[in-house]
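Since the structure comes first, as structure tokens, the remarks are kept for the end.
Keep in mind the model is a prediction, meaning the values are calculated, not measured. For this chain, numbers begin at 1 and follow the sequence in order. For ligands, and for the atoms within them, numbers begin at 1 and follow the listed sequence.
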Amino acid sequence: MQMRRLLIAGNWKMNGLSQEGKTLVEEISSFLKTTTNPDFDMLVCPPFTLIGQTCALAKDSSLSVGGQDCSFYDKGAHTGEVSAAMLKDIGCSYVIVGHSERRANHGETNEIVALKAQKALEEGLKVIICVGETEQERVSGKMLKVIETQVRDSLPLNATSENTVIAYEPIWAIGTGKTATPEDVAEVHKFIRSQIESLKGKDVADKMRLLYGGSVKPNNAKELLSLEDVDGALVGGASLKSKDFCAIATRQND
Ligand code: PGA
């Protein structure tokens with residue numbers, strides 16, 4: 001069996017002013033410094049305004065920093081956009097693309113997500129590409145078809161197992177406290193891995209990390225992260241509390 005190192009990624013979304021962000025990063029960094037031989041990597045994706053400060057605070061720890069989105073343009077007259085090169089320049093190593101909130105609220109199609117991912121990879125960032133079905137798609141039996149299309153059309157040609165992570169986030173489980181059952185998660189992750197195999201070959205499929213996201217908390221992390229094809233978590237709400245975020249990483253619930 002392929003051993004893939006866990007990635008515990010925090011998506012802060014539009015949360016955090018300077019002081020809260022500072023405290024959170026200091027606490028996570030000090031947790032990492034005092035954890036011997038962790039079997040996981042940790043990543044935080046703060047809002048754009050806090051990325052600079054977060055990179056500076058995290059620089060002596062193993063904590064990675066990422067953006068929550070990037071533009072598919074290089075630069076120029078794109079008011080409000082942030083480029084992949086800018087994220088890289090300020091110290092990010094990752095960027096999330098295609099989060100369901102961006103797909104739903106900002107009209108991001110699979111094609112746009114693929115362009116963003118391609119640009120980020122060209123700039124030397126790693127990408128976390130998000131996919132996931134709505135509740136309606138799940139109950140109407142379209143779940144796997146939707147995910148198949150999202151994975152196929154959102155994955156850029158330059159994606160490899162080293163530079164790309166896929167996050168499966170059922171939309172109905174995000175921020176709702178509802179988590180997919182371990183059986184559901186196992187089924188979808190296995191499906192995604194088999195699809196990566198047909199798109200990119202067995203070696204890439206064996207090595208690519210697949211994260212689960214959607215109401216991951218300390219009390220369900222152990223079970224979810226022990227599933228064979230789950231190689232980490234993309235955590236929203238619980239990543240805003242260092243205690244919970246670190247408990248997810250260690251799979252301890254006390
Ligand atoms: P949640 O968010 O953990 O608050 O459900 C997950 C996400 O949107 O990435």
Side-chain angles (χ1 to χ4, degrees), residues 6-16 20-21 24 28 40-48 50-51 54 63-70 87 92 94-108 113 116-117 120 125-135 137-138 143 146-147 150-151 154 164-182 184-185 188-189 192 209-225 227 230-251 253:
L6 295 180
L7 175 63
I8 309 299
N11 173 11
W12 295 4
K13 309 192 180 182
M14 198 174 74
N15 293 294
E20 290 161 303
L24 191 46
I28 298 166
F40 50 82
D41 298 322
M42 283 180 108
L43 163 72
V44 288
C45 299
F48 289 132
L50 296 184
I51 289 178
T54 303
L63 181 64
S64 299
V65 183
Q68 298 173 13
D69 179 39
C70 69
L87 292 178
C92 288
Y94 277 88
V95 62
I96 299 170
V97 291
H99 189 279
S100 61
E101 286 151 18
R102 298 219 48 98
R103 290 177 183 265
N105 305 335
H106 300 270
E108 290 193 9
V113 174
K116 290 184 171 201
L125 293 168
K126 294 180 181 179
V127 291
I128 299 178
I129 300 176
C130 303
V131 299
E133 80 288 357
T134 62
E135 187 145 40
E137 287 161 345
R138 173 173 279 253
M143 175 180 78
V146 167
I147 291 166
Q150 287 178 338
V151 170
S154 305
T164 301
V165 176
I166 295 182
Y168 167 56
E169 301 202 298
I171 294 169
W172 49 271
I174 295 178
T176 57
K178 292 190 209 168
T179 335
T181 64
D184 292 337
V185 177
V188 177
H189 278 237
I192 294 175
R209 294 196 278 194
L210 307 183
L211 313 186
Y212 170 76
S215 298
V216 177
K217 309 280 176 211
N219 65 8
N220 58 24
K222 188 171 181 189
E223 190 170 29
L224 290 165
L225 291 170
L227 297 171
V230 175
D231 313 308
L234 182 53
V235 186
S239 74
L240 297 171
K241 293 192 194 114
S242 61
K243 191 165 174 285
D244 286 355
F245 190 50
C246 299
I248 289 169
T250 55
R251 284 89 82 198
N253 181 31

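Considering only residues two or more places apart in sequence or on other chains, E135 meets the salt bridge (Lys or Arg N to Asp or Glu O under 4.0 Å) condition with K178. Evaluation of the ring pair (Phe, Tyr, Trp, His ring centres under 6.0 Å) rule for Y168 yields H189 as partners, not counting sequence neighbours. Annotation: side chain to side chain donor-acceptor pair (under 3.5 Å) contacts of E137 (sequence neighbours excluded): T134.
Considering L225, T179, L227, L234 in turn, T179 is the only one that fulfils the side-chain contact (heavy atoms from CB on, under 4.5 Å) rule with Y212.
Listed as neighbours of ligand 1 are N11, K13, H99, E169, A173, I174, G175, G214, S215, L234, V235, G236, G237, each bearing a heavy atom under 4.0 Å from the ligand.
In this structure, L43 and I128 have side chains that are in contact, with non-hydrogen atoms separated by less than 4.5 Å.
For the residue pair I28 and S242, the shortest heavy atom distance occurs at CG1-CB, 4.1 Å.
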